[in-house]
Amino acid sequence: RDDLVAARIAGLAGDVDASHGRLAESELVAASVDRLDLGGATLADVRVADVRATELRARDGRWRNVLVAGGRVGTLDLSRADLDGVELRGLRIDYLSLAVASVVDVRLVDCVIGVVDLPEARVERVAFDGCRADEVDTRGLRATDLDLRGLEALSFTDPAGLRGATMTELQAEQHAAAFAVALGIRLR
């Protein structure tokens, strides 16, 4: 529940509880943590760099103008978070949860992600650039201006959730069988 402004936080380790705090105009660098709990926290104008975390939990958080650059995260849990002007750059994430989140003006660049979990999320002006994901769960996703052209995804759980998304012709061809099944078309 701390309120930090213009702080530089470096070298966090172990289990860190920063829940319900406020971090503004600050940077968090070179953290190597088992668990970083930012649940319910507000981050504004923050740079996070070179984080290594087994779990980074930020459920119900509010992030405005946040850059997360470099590092490796096992689970990045942003469920029910409110993200605006966030960029994830050069991250390796095993599991990214944005379930029931509000995601506006977000960009993912050069990220490798195991699972992107988006059930019931609301995304607007979200783009991927040079990213890869094994699975994208789009059940109940509501998208406006979702640009998937820079995302190489192996599968989409619910193609119907892609309404409002933009993808390349090649991407549509690669996932044509799954799209056909979602539309009730039998392939033989």
Side-chain angles (χ1 to χ4, degrees), residues 1-123 126-137 150-154:
R1 296 188 183 275
D2 281 347
D3 190 352
L4 302 174
V5 177
R8 183 174 196 277
I9 303 164
L12 292 177
D15 287 342
V16 178
D17 183 359
S19 60
H20 304 288
R22 183 176 163 271
L23 187 61
E25 300 172 15
S26 299
E27 67 178 0
L28 186 143
V29 297
S32 184
V33 296
D34 293 325
R35 184 169 164 252
L36 174 56
D37 189 351
L38 292 167
T42 299
L43 279 66
D45 301 311
V46 172
R47 178 179 170 266
V48 180
D50 299 319
V51 170
R52 306 241 181 271
T54 303
E55 180 182 20
L56 196 160
R57 175 183 265 173
R59 289 181 178 178
D60 302 303
R62 296 178 56 100
W63 290 18
R64 299 278 183 271
N65 301 320
V66 174
L67 168 64
V68 182
R72 165 100 191 203
V73 178
T75 298
L76 177 52
D77 188 353
L78 291 160
S79 302
R80 298 182 310 271
D82 183 4
L83 308 179
D84 187 359
V86 173
E87 182 173 329
L88 303 179
R89 178 177 286 276
L91 286 169
R92 180 167 177 93
I93 305 166
D94 294 330
Y95 179 73
L96 172 59
S97 177
L98 292 162
V100 197
S102 172
V103 184
V104 179
D105 292 323
V106 171
R107 192 163 174 236
L108 291 91
V109 180
D110 298 328
C111 293
V112 177
I113 307 167
V115 175
V116 179
D117 202 18
L118 292 163
E120 303 299 327
R122 185 182 60 81
V123 301
V126 173
F128 291 83
D129 184 9
C131 295
R132 288 191 349 244
D134 293 337
E135 179 182 336
V136 181
D137 186 347
L151 175 63
E152 181 185 324
L154 295 180

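The first residue in the sequence is number 1, and the count goes up from there.
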Are the side chains of [X] and [Y] in touch, meaning some heavy atoms are under 4.5 Å apart?
X: D94; Y: R72; answer: yes
X: D50; Y: V29; answer: no
X: L98; Y: V106; answer: no

Can you measure from [atom1] ([X]) to [atom2] ([Y]) and round to the nearest 0.5 angstrom?
X: D60; Y: T42; atom1: CG; atom2: OG1; value: 11.0 Å
X: R47; Y: R89; atom1: CZ; atom2: CZ; value: 11.5 Å
X: L91; Y: L96; atom1: CG; atom2: CG; value: 9.5 Å
X: R92; Y: R132; atom1: CZ; atom2: CZ; value: 7.0 Å
X: L23; Y: I9; atom1: CG; atom2: CD1; value: 5.0 Å
X: R8; Y: L28; atom1: CZ; atom2: CG; value: 9.5 Å

Can you name the nearest heavy-atom pair linking [X] to [Y], along with the distance?
X: A13; Y: V16; value: O-CG2, 3.7 Å
X: A18; Y: A41; value: O-CB, 3.8 Å
X: L88; Y: C111; value: O-SG, 3.5 Å
X: V46; Y: E25; value: CG2-N, 4.5 Å

Self-check item: side chain to side chain contact (heavy atoms under 4.5 Å, CB included) assessment of R62 paired with D84
Solution: CA-CA 8 Å; R62 296 178 56 100; D84 187 359; over 6 Å; no
Self-check item: Residues D77 and T75: side-chain donor-acceptor under 3.5 angstrom
Solution: no
Quiz item: Does S97 use its side chain to pair, donor to acceptor, with the backbone of L78 at less than 3.5 Å?
Solution: no
Quiz item: Under 3.5 Å, side chain of S19 to main-chain N/O of G39, donor-acceptor pair present?
Solution: no
Quiz prompt | Stepwise side chain to side chain contact (heavy atoms under 4.5 Å, CB included) test for I113 and L108 | solution = CA-CA 10 Å; I113 307 167; L108 291 91; 3.9 Å; yes
Quiz item: Please walk me through it: do L118 and V136 pass side chain to side chain contact (heavy atoms under 4.5 Å, CB included)?
Solution: CA-CA 7 Å; L118 292 163; V136 181; 4.0 Å; yes
Practice problem: Go through the steps to decide whether V68 and W63 satisfy the test side chain to side chain contact (heavy atoms under 4.5 Å, CB included), and finish with yes or no. | Solution: CA-CA 11 Å; V68 182; W63 290 18; 4.0 Å; yes
